[in-house]
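Below: the structure, in structure tokens.
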Amino acid sequence: MLLDLPSTREESWRWGDPAAIAAAAGLPRGEALAGAWFLDLEGARAVFVDGVLDEGRSDLRHVAIAPLEGGEHVLGRRTTGNGWSLRVDANASAELIQIVHISTGGDNQLPAEIVLAGGAQASVVETYVGTGWSNRSTRITLGAGAKLTRAVRLLQASGFVSLRDEAEVGAGASLIVTVLGAGDAGTRIDGAITVSGDDAFAEYGGALLTRNAQKQECALSVRHAALNGQSKQIWRAVAADTSTASLAARVEVARDAQKTDGVQSLRGLLLKRTATVNLKPELEIFADDVKCAHGATVGELDQRALFYMQSRGIPHAKAQALLTRAFVGDAFAQIADETVRDAFVADADAWLEAALSAPLPLAGGAGGGASS
Amino acid sequence: MATRNAEAYAAANKTYEWGFSSDIEQEFAPKGLSEDTVRFISAKKGEPQWMLDWRLKAFALWQTMEAPDWSKLNVPPIDYQDAYYYAEPKAKPKLGSLDEVDPEILRVYEKLGIPIGEQKMLAGVVEDPLNEDGTPKRRVAVDAVFDSVSVATTFRKELEAAGVIFRSISEAIKEYPDLVRKWLGKVVPQRDNYFATLNSAVFSDGTFVYIPEGVRCPMELSTYFRINAENTGQFERTLIVADKGSYVSYLEGCTAPMRDENQLHAAVVELVVLDDAEIKYSTVQNWYPGDENGVGGIYNFVTKRALCQGKNSKVSWTQVETGSAITWKYPSCVLAGDGSVGEFYSVAVTNNRQQADTGTKMIHLGKNTRSTIVSKGISAGRSDNTYRGLVRVAPTAEGVRNFTQCDSLLLGDQCGAHTVPYIEVRNPSAQIEHEATTSKISEDQLFYAMSRGLDAEAAVALIVNGFAREVLQQLPMEFAVEAQKLLGISLEGSVG
């Protein structure tokens, strides 16, 4: 299948996997998964099967379906067409919105827009399940003082999920995006965040957990174009078997974006000697009065910590699981809603149990997962 | 410290200090680049057939390649047909004494700062090897590349007594064909990259060093490169082989005269290190960077790579990059031998319209290999300074350690500092750490230095020297002094 995607010779696709996208798009379509994947939370709900709204399972409330542009990007522009739109008036507070994307095979495209006027607030949780190539674009515009939190769980059992996010963060606004890749599909998270207003805050982070021959990748850039901006990119990657987890995160500081404070923390953990972690914490700075620090580490679990736990009677596998969970947990700290955070932790735990073949003690009575 | 800065500022000069140009009769290859040019160069040097074949293969490859565009550089298109690829000073009769050396060449040496004693040595004058108090003099052997041909090589006898081969590469091709043939292109193959392939086809001259087993080279080896003729691309080729248990410290310094047209420079440096051997390679590069509007200046596209083939071998790259309009340079280490060590210490200063995209690659293949990267980038004026590095750990490489630190300092709000580190790890036992900071010069430090009586520029030079200290202290002494001066001179006019 010819998809006209960039090749890995292109710098921004160096660790990408266009072949896996083509393979996923070629998977035959099947039956839609029946289960509900919503968290036990009040609010609007939407189910998209292969990019088409399933009205029977949805309760849209203030979410609209409208024709949308996908943007210029090579992934985003494919999505142009009908998609979901969330627009919130000034100083209003929208209910939580849960969106489940069920893909049955082949390729499906869906655009989305989130536009918050000044002082508005909204919260979105998205879940991806199924197989095939799910390609999404989400264009976010935050007015002055608006606040958006968005949590994305990538749980597709096979195929490929690609997300193209574009965001404009206005003065004093706050954007918090957390992504967890804990399925078995290939992943590309492709984001371009612009901090365009003064005193704004943007946080984009998460965890990519890879196993078998899976490849997950994040290619993210946060551009500071205004004064006093703050951004955080906190990512954790755990790679097992022969899998590859790649994190390329960039902070750009434009000429006039003085007093920017950019934080990047990229950490990789290798569970097997055949796994690969790639990191690229990139800085591009044109202003002289900024604070940009980045840290990147790759390695295995701290042998001393493992030894200590074993000396206290915890079996090796369990000690490994606990330490790995703590490692991943850093990336979920910014999720404010407890139910959502617990769901993320439960997803990660399920993944860890499978990858390490060790049961984990339950995390503080967390349910999450597949309750409806 | 104050005295040192005073010295730096005494040496400072608004115009490019080394911007002189000597008129010496040149013999040029015809302008342009074709298979005939390659044949001309090879014939001119009286090379054997295998060398010509090697060059021609590279040239054929080059024609199929495209210039790389992944760097953060804005390189104007280069017309490879509008340059001379070969120039050598006309052959002179053999000289009996220093007085007979072409005074033009002597003057160039003087400006280059080659000590008079070594100038004598260049002309074969024997000097007392001891100081007045009987201690041996500190010695540096110089192989001066004057334009494209090595004019003379000093200390050859003494080095030969130790078994060290220190030749221009043209001589080595004739005298030690087996050695050269064995290693040439082993580290940087002909098809490596656009500029290295071009160099393989048309390299004019360069240096060959072989340190035999167990020998610690009795002196520091040094080559001064100079680009002299207008529109002459210079394509040096350096090959250093350190046999088992040997050690050598090699210094490379560069100056070039002021020219308004951009000049291309595409060098290749290959280092091979066998068991327990060590090479320390130090560079101070202060080629003409162009004027404050970005007119003129050298394009410096260099491929430098070391192969740590032996167990417990070690390579240490130290570079101070203050010159060139455009720098594209990534001295790298392939750490193949178990327990081998790679080090990279770099200070890169850009001012005015300069662009630098420089860094290193550490490829860990062997077990328990270690690498250290310390990079200090200083940007001023309207310049762009990029650190681009790769640390790769192969699945077979157990117990790898890497520490990377890249710090950027911004002077002024019109410049850019960029950090592009790639980390690719395929073995869980690796410990990779990367740290980076970007900051501007601290107002507190400036205020303090000025309250102690330094003017703004002296204070900046002092702070910048402190910022780069970890790298500067890796340099051999002769270079460290020059490098400190250069930092101050390069940043002139960037404050106040």
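Proteins come first, then strands; the chains are lettered A, B, ... in the order of their sequence lines, and each starts at number 1.
- Within the 4.5 angstrom heavy-atom criterion, only backbone atoms of B:A430 (N, CA, C, O) approach chain A.
- If you measure heavy-atom distances from B:I441 to chain A, you find no contacts under 4.5 Å at all.
- Using a 4.5 Å heavy-atom cut-off against chain B, no residue of residues 179-209 of chain A qualifies as contacting.
- Between chain B and the options A:V253, A:L266, A:V277, the largest number of non-hydrogen pairs under 4.5 Å is found for A:V277.
- Both the backbone and the side chain of A:A296 come within contact range of chain B, each with at least one heavy atom under 4.5 Å from a heavy atom of that chain.
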With 3.5 angstrom as the limit, list the donor-acceptor pairs from chain A to chain B, or say none if there aren't any.
unit_1 : atom_1 : unit_2 : atom_2 : d
A:E11  : OE2    : B:Y422 : OH     : 2.2
A:R14  : NE     : B:E424 : OE2    : 3.3
A:R14  : NH2    : B:E424 : OE2    : 3.1
A:W15  : NE1    : B:E424 : OE2    : 2.7
A:R255 : NH1    : B:Q414 : O      : 3.1
A:R255 : NH1    : B:C415 : O      : 3.0
A:R255 : NH2    : B:Q414 : O      : 3.2
A:R273 : NH1    : B:E398 : OE2    : 2.3
A:R273 : NH2    : B:P395 : O      : 3.0
A:R273 : NH2    : B:E398 : OE2    : 2.9
A:T276 : OG1    : B:R426 : NE     : 2.9
A:V277 : N      : B:V425 : O      : 2.8
A:V277 : O      : B:V425 : N      : 2.8
A:L279 : N      : B:I423 : O      : 2.6
A:L279 : O      : B:I423 : N      : 2.6
A:K280 : NZ     : B:Y422 : OH     : 3.1
A:E282 : OE2    : B:K72  : NZ     : 3.1
A:L283 : N      : B:T419 : O      : 2.7
A:L283 : O      : B:T419 : N      : 2.7
A:E284 : OE1    : B:K72  : NZ     : 3.3
A:I285 : N      : B:A417 : O      : 2.8
A:I285 : N      : B:H418 : ND1    : 3.3
A:I285 : O      : B:A417 : N      : 2.7
A:H294 : O      : B:A436 : N      : 3.4
A:H294 : NE2    : B:H434 : NE2    : 3.0
A:A296 : N      : B:H434 : O      : 3.3
A:A296 : O      : B:H434 : N      : 2.9
A:V298 : N      : B:I432 : O      : 3.3
A:V298 : O      : B:I432 : N      : 3.1
A:E300 : N      : B:P428 : O      : 3.1

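- B:P421 and A:P281 make their closest contact through CD-O, 2.8 Å (heavy atoms, listed as atom of the first residue, atom of the second, distance).
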